[in-house]
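Structure, as structure tokens:
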Amino acid sequence: MTIDTAPPASLSPSPVTPSAEALEQEHPELSRPESRKPRPKGARPPLVLTPGEYAVRGIVGIAGALLLTFAFNLLLVSHLQYFANQQQLRDAFQSQLADGVAPVSEGDADDVLLPDGAPVALLQIPSIGLESVVVEGTSSATTQQGPGHRRDTVLPGQAGTSVIMGRASAFGGPFSRIAELQPRDTFTVITGQGEQTFAVIGTRYQKDQELPQLLPGESRLILETSRGPLPYTPSGMVRVDARLVSEVKDPGLRQTAPNMLPLSHREMATDTGTVWALVFGLQALIALELGLMWAVRRLGKRQIWAVFLPVALLVSLIVSDQLVRLLPNLL
Amino acid sequence: MIALLKPRRAALPAAFASMLGLLLAAGIALAPVAPAASAATTPAPAGTPLAGTDGLVYMSPVRTAVTPGILPAGGAVDLTVSVRNLTKRKLPGTVEFWISTPWGARTSALPVEKLKPLAPGETRTLTARLDGPGQWAFFTAHAVFTPPAVVDKLRTPPLTRTEFFVVPPFFSLAALAVLALGLAVLRLALRRRRSTLADAPATAHLLIDEGLPA
């Protein structure tokens, strides 16, 4: 028995046929397929997601878009809304003053109860750069338009105590500087009964002593807003008390008594009156997510972006608007 | 009336104490510490006639004026409040000022000071200077005016005012800048040393090659 120690013919390099290594060295583009080309440094392999991963990515994306539109709405759009609303309210109130039909009670010239958001006064405090139309009602949706007059109190300048509540940060933050008012500072409020002048008595916080009852024929105005360490972080309330120093006007008829005031119109209250719209908006977001899941396997990425992005932004804005209403009315 | 009050400062954190120790060891002289706090009153002019229903005592929100310092425990903050007596009699009371970190620890405080009674209708401005807020950057100023428990047969709770403010921590920022600069210089030096070491064998080979006969 002999053992052949010579290497097999297939493994031994042939002196005639050039080896694979030699061919690679001479024509590298022929010897190596495209798929085996080394990737450039830092390039990642193509990402292939499972349907579950697509769903998670879609949910996270929509939640992120919702958060962004919420912040965008609160920090930018709310201020634009305030200024646009104030322009319309100013025009309407000036027209009512010119026609002599501006409200002097809780009803309008036709004795119909004023709706939330109806203009009732023009508040002017030049020392802090404030000039704002006051609207009837103090719910979160109403104070988005401007400072709100609490329904269960008389109008400014009338005998009794009048309360105006305004936002400190969002929607123009008209009352952001009222705590800077000093005792004996004066300001004016124009109502359907003329111009009323008030002198500041002082500033109160939540836990301070309540004011005593007014004597007949006296008039007081209380400006209320939120306060906190930073903007948009309310931790309490601040009140500025002012006493009427001009002629006291007759109080108008009030339909709303203090015990009838809705909870959503009280200090730091939220407005849950349109939660149904929030529910519909969230349902629309879920439907959008399902549609995205269906379309991601059938359409290209560009088509998905073109179809779903505008719809997602619109629905996110609607939902964030409803979320903003759930924030305190003095924020 | 100007009243100088004795300082009462909370214990410095260990980190600041060590930093102070390092500074002293390095021979850096600390500036003499000014009186930690003072309270000044400014009599207000006669106000509008009292209505009797305007309340009893008012206190303005506390205002802050920061004077930052470069030393670890340097700088100061002035706290100002106005107290208004709307009663028809003299109103005694006490006032207390302090500043705290976001976690509630007092960094600088004044002892409770008894005020000269406020005349009817008087508005008095109280200013307190608190030294050495430290390097915490974010602070809350506190001012409490405590009138008698009962005034004109009415309960009068203490009036508390708080305000958030920021003191730029210049010492910490400067220390961070020096540290970052030192790290950058160290990194550059290490890189140069590595490149020098990498070039050294090639030079040796070159010298050996040049030394060999053709």
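Protein chains get the first letters and strands the later ones, always in sequence-line order, with residue 1 at the start of each.
Note on A:V240, A:L211, A:I201: by heavy-atom pairs under 4.5 Å with chain B, the leading option is A:I201. Ranked by heavy-atom pairs under 4.5 Å with chain B, the list A:A179, A:G228, A:S235, A:G202 is led by A:G202.
Neither the backbone nor the side chain of A:E210 comes within contact range of chain B; no heavy atom of the residue lies under 4.5 Å from a heavy atom of that chain. Of the atoms belonging to B:T140, not a single heavy atom falls under 4.5 Å from chain A. Contacts between A:L181 and chain B at a heavy-atom distance below 4.5 Å are absent for every atom of the residue. B:P157 touches chain A through its side chain: at least one heavy atom from C-beta onward sits under 4.5 Å away, while N, CA, C and O do not.
Across A:E136 and A:H149, no two heavy atoms sit closer than the pair OE1-ND1, 3.0 Å. Across B:S100 and B:H142, no two heavy atoms sit closer than the pair OG-NE2, 2.9 Å. Counting all heavy atoms, side chain and backbone alike, A:A159 lies closest to A:V154 at O-CG1, 3.7 Å.
Of the residues listed (A:S176, A:S140, A:S78), the one engaging A:R167 in a side chain to side chain donor-acceptor pair (under 3.5 Å) is A:S140, and it is the only one.
A salt bridge between A:D208 and B:R161 is present, with a side-chain N of the basic residue lying under 4.0 Å from a carboxylate O of the acidic one.
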